[in-house]
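What follows is a set of notes on a single structure, which appears directly below.
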Amino acid sequence: MPRSRGVASVNLSVLLSISLLAAPIWANPGLGSGTVVYAENAHIGTAAASVGATVFAGDTFDTEQVRGGLQIRAGAARVLLTASSRLVWGAEGGSPSATLMRGTAAFSTAGAKAFVLHAGTATFRPRSDEPTVANVTLLNPKELVVRCSRGAVLIAVADDVRVIPEGAAYRVVLDPEAAGRLGGAPVPAAQRTWGQDPPRPQGKSNFIWYAIGFTALVTGFAVYEALESPDRP
């Protein structure tokens, strides 16, 4: 009997030690800053993504080519990953963030600090606390397309920061020479106007852009935004 009590005491001590070691991780809100609210033909790492799964910083999400889709809710932000896309989740300054590695990501926010999206060397965030909806498609590491259907979005590449207004769509070339080598079409000089690519007397422009015909956001996100408006988190 004394031996049984001794074994029980050792087991209890080990359990308490593990609990104490694990507690700081569980208590860190930056590590689990989102929840999967929709998943179809999507994966978190090598496992199938499922509704209700907690999103942790460092998680990688992939969607399949056929009917792949994933939606994440993180506070005042909603993020959608469309088919044939990849996203790495993160945290930045206490806010959820993500890095688009392939395909298209759309986001809906209700706060200026609700979400940050990285794509190549560019960073996208809502300009204000007004409801904002935008999407970014990564064409290759040096080229992307960004559309803003509600509110306004800031795009920043190093210290070069510009505003994408509501209803606007731009093709952005982060490195024109590299984009050409990667197979991207060169940016026609005639399509770059002062209003689209304004002069910067101090410093240099870290990217060039020009307006393209605006098209609606992907159907899935349009429907999702209608059901879950950013001003009703």
Side-chain angles (χ1 to χ4, degrees), residues 22 25-111 113-120 122-126 131-141 144-151 153 215-233:
I25 298 177
W26 294 341
N28 190 338
L31 294 179
S33 54
T35 303
V36 175
V37 296
Y38 170 80
E40 182 175 5
N41 295 332
H43 305 273
I44 304 178
T46 58
S50 59
V51 174
T54 302
V55 174
F56 293 90
D59 282 345
T60 299
F61 300 92
D62 290 277
T63 53
E64 298 179 11
Q65 183 176 4
V66 179
R67 298 187 64 183
L70 181 81
Q71 294 175 7
I72 300 170
R73 177 174 179 171
R78 315 286 192 281
V79 182
L80 169 74
L81 196 62
T82 65
S84 298
S85 300
R86 171 174 290 181
L87 190 78
V88 179
W89 198 256
E92 184 173 318
S95 300
S97 67
T99 300
L100 182 64
M101 308 300 293
R102 181 182 68 240
T104 298
F107 61 89
S108 169
T109 66
K113 298 181 179 180
F115 180 70
V116 180
L117 179 67
H118 299 276
T123 299
F124 300 87
R125 66 181 77 235
T132 303
V133 180
N135 75 335
V136 176
T137 298
L138 192 62
L139 303 177
N140 60 56
L144 55 87
V145 172
V146 56
R147 300 176 178 87
C148 182
S149 62
R150 190 175 182 184
V153 173
T215 57
L217 296 178
V218 290
T219 303
F221 192 68
V223 173
Y224 179 66
E225 202 276 334
L227 295 174
E228 292 286 345
S229 174
D231 53 357
R232 291 186 289 120

> Which residue pairs satisfy the salt bridge (Lys or Arg N to Asp or Glu O under 4.0 Å) criterion with at least one member in residues 40-52, sequence neighbours excluded?
Replying inline: E40-R67
>> Rounded at 0.5 Å granularity, tell me how far CD1 in I44 sits from OG1 in T60.
In response: 10.0 Å
>> Tell me the closest heavy-atom pair linking L138 and G120, and the distance in Å.
In response: CD1-N, 4.3 Å
> What are the two closest heavy atoms between S50 and A39, and how far apart are they?
Replying inline: N-CB, 4.4 Å
>> My understanding is that only residues two or more places apart in sequence, or in another chain, count here; which of them pass side-chain contact (heavy atoms from CB on, under 4.5 Å) with A122?
In response: F124, L144, I155, V157, L174
> Roughly how far, to the nearest 0.5 Å, is OG of S85 from CD of E64?
Replying inline: 12.0 Å
> Which heavy atom of G69 sits nearest a heavy atom of A42, and at what distance?
Replying inline: O-CB, 3.6 Å
>> Nearest 0.5 angstrom please: T132 OG1 to R125 CZ, how far?
In response: 12.5 Å
>> With rounding to the nearest 0.5 angstrom, report the OG1 to CZ distance, T35 to R73.
In response: 8.5 Å
> With sequence neighbours left out, what residues match T137 under side chain to side chain donor-acceptor pair (under 3.5 Å)?
Replying inline: T104
> If you look at every heavy atom in L100 and V136, which pair is closest and at what distance?
Replying inline: CD2-O, 3.5 Å
> Looking only at heavy atoms, which two atoms of P96 and S33 are closest? And how far apart?
Replying inline: CB-OG, 4.2 Å
>> Using 0.5 Å steps for rounding, measure from the CZ atom of F61 to the CG atom of L81.
In response: 9.0 Å
> At their closest point, which heavy atom of S108 faces which heavy atom of V133, and how far apart are they?
Replying inline: OG-CG2, 3.9 Å
> So, S95 side chain and K113 main chain: donor-acceptor pair closer than 3.5 Å or not?
Replying inline: yes
> Can you list the residues that meet the side-chain contact (heavy atoms from CB on, under 4.5 Å) rule with A98, with sequence neighbours excluded?
Replying inline: L87, W89, F115, L117
>> My understanding is that only residues two or more places apart in sequence, or in another chain, count here; which of them pass side chain to side chain donor-acceptor pair (under 3.5 Å) with H118?
In response: E92, T123
> Of all residues at least two apart in sequence or in a different chain, which pass the side chain to side chain donor-acceptor pair (under 3.5 Å) check with T63?
Replying inline: none
> Looking at residues at least two apart in the chain, or sitting in another chain, which of them share a side chain to side chain donor-acceptor pair (under 3.5 Å) with D62?
Replying inline: R86, R102
> Just by distance, do the side chain of N41 and the backbone of V66 share a donor-acceptor pair under 3.5 Å?
Replying inline: yes
